[in-house]
Amino acid sequence: MTEGTTSAAADGADTLTRLEQEGEIAADYLEGLLDIADLDGDIDMDVEADRASVSIVSETGSRDLQKLVGRDGEVLEALQELTRLAVHRETGDRSRLMLDIGQFRANKRAELSELGAKAAAEVKSSGEPVRLKPMTPFERKVVHDAVKAAGLRSESEGEEPARFVVVLPA
């Protein structure tokens, strides 16, 4: 193994360790939140696409976790930001941690991937750009990825909170 290969492997291990630490800090923070709110849920941690991923799941399928998701995921977004701040307070580094509660984001990701694929198919058949409704940054990213996978390109236009995706012909 050369010195460059060793260094790259060490950097990868350091990044994984840092992301696992972010997940641990986030899990501790969220466990405390669940205790305060007197809600049942298990915490799952993972590292996906160079970011820590933490999920709160319920084996009983409890609707209580819906309180932590809120309407259209608004409470989930706020909890994600608070969790990122808790990680930042402990590490001093900005976190890109993703939080999912009760499979809300996973289900939303599947729904948005399908929306992006359908919009791409429409653009391929019509040759005309398609403008989608305003979305959060997470939602736009999922749609952009789906459009790219379909072989087209897309752009975000507008200003928050009315920023939206435009799917463009090839």
Does any part of the side chain of H144, heavy atoms only, come nearer than 4.5 Å to the side chain of S154, both counted from C-beta? yes
Taking C-beta and beyond as the side chain, do L115 and M135 meet within less than 4.5 Å on heavy atoms? yes
Which is it for L34 and L68 under the side chain to side chain contact (heavy atoms under 4.5 Å, CB included) test, yes or no, and what are the steps along the way? CA-CA 10 Å; L34 289 173; L68 298 178; 3.7 Å; yes
Would the number of heavy atoms belonging to other residues, nucleotides or ligands and lying under 6.0 Å from CG of D38 be above 12? no
Taking ILVMFWY side chains as joined if any heavy atoms are under 4.5 angstrom apart, and letting links pass through other members, which residues group with V47? L16, L19
To the nearest 0.5 Å, tell me how far I25 CD1 sits from R84 CZ. 14.5 Å
Contact between Q66 and R71 at the side-chain level, heavy atoms closer than 4.5 Å - yes or no? no
Indicate yes or no: at least one non-hydrogen side-chain atom of S113 is less than 4.5 angstrom from one of V142. yes
Just checking K67: does its NZ atom have more than 12 heavy atoms from other residues, nucleotides or ligands closer to it than 6.0 angstrom? no
List the steps and the verdict of salt bridge (charged side-chain N to carboxylate O under 4.0 Å, His left out) for R18 and D14. CA-CA 6 Å; R18 181 181 53 79; D14 288 347; over 6 Å; no
Criterion salt bridge (charged side-chain N to carboxylate O under 4.0 Å, His left out) on E114 and K118, from CA distance to verdict: CA-CA 6 Å; E114 185 176 322; K118 283 182 180 177; 3.1 Å; yes
Would you kindly confirm whether V75 and M98 end up in one hydrophobic cluster when ILVMFWY residues are joined by side chain heavy atoms under 4.5 Å apart? no
Approximate separation, where rounding is to 0.5 Å, of I56 CD1 and D42 CG: 10.0 Å
For G116 and V143, work out which heavy atoms get closest and say how close. CA-CG1, 4.1 Å
Kindly compute the distance separating CZ (F138) from CG (L112), expressed to the nearest 0.5 Å. 6.5 Å
In this structure, CZ of R51 is separated from CG of D46 (nearest 0.5 Å) by 13.0 Å
Closer than 3.5 angstrom, by distance alone: can the side chain of S55 be matched with the main-chain N or O of V57 as a donor-acceptor pair? no
Donor-acceptor check, side chain of D64 to backbone of D40, threshold 3.5 angstrom: yes or no? no
Is the closest side-chain heavy-atom distance between K141 and D145 below 4.5 Å? yes
Find the distance between CD (E77) and CG (D72) and round it off to the nearest 0.5 Å. 10.5 Å
With side chains defined as the heavy atoms from C-beta onward, is the minimum distance between L82 and L33 less than 4.5 Å? no
Gap separating the CZ atom of R105 from the CG atom of L76, nearest 0.5 angstrom: 4.5 Å
So, using salt bridge (charged side-chain N to carboxylate O under 4.0 Å, His left out) as the criterion, who are the partners of E31 when residues are at least two apart? none
Closest approach of A120 to L152 (non-hydrogen atoms, all atoms of both residues): O-CD1, 3.4 Å
Sequence neighbours left out, what passes side chain to side chain contact (heavy atoms under 4.5 Å, CB included) with A26? Give chain and number order. V54, T83, V87, L97
Suppose we screen for salt bridge (charged side-chain N to carboxylate O under 4.0 Å, His left out). Which residues come up paired with E90, at least two apart in sequence or across chains? none
Sequence neighbours excluded and cut-off under 3.5 Å, please list the side-chain donor-acceptor pairs for residues 157-170, or say none.
from : atom 1 : to   : atom 2 : distance (Å)
E160 : OE2    : R140 : NH1    : 3.1
E160 : OE2    : R140 : NH2    : 2.8
R163 : NH1    : G158 : O      : 2.7

Starting from the C-alpha separation in whole Å, work towards a yes-or-no answer on side chain to side chain contact (heavy atoms under 4.5 Å, CB included) for V147 and V123. CA-CA 10 Å; V147 169; V123 169; over 6 Å; no
Return the set of residues passing side chain to side chain contact (heavy atoms under 4.5 Å, CB included) with E24 (not counting sequence neighbours), or none when no residue passes. M45
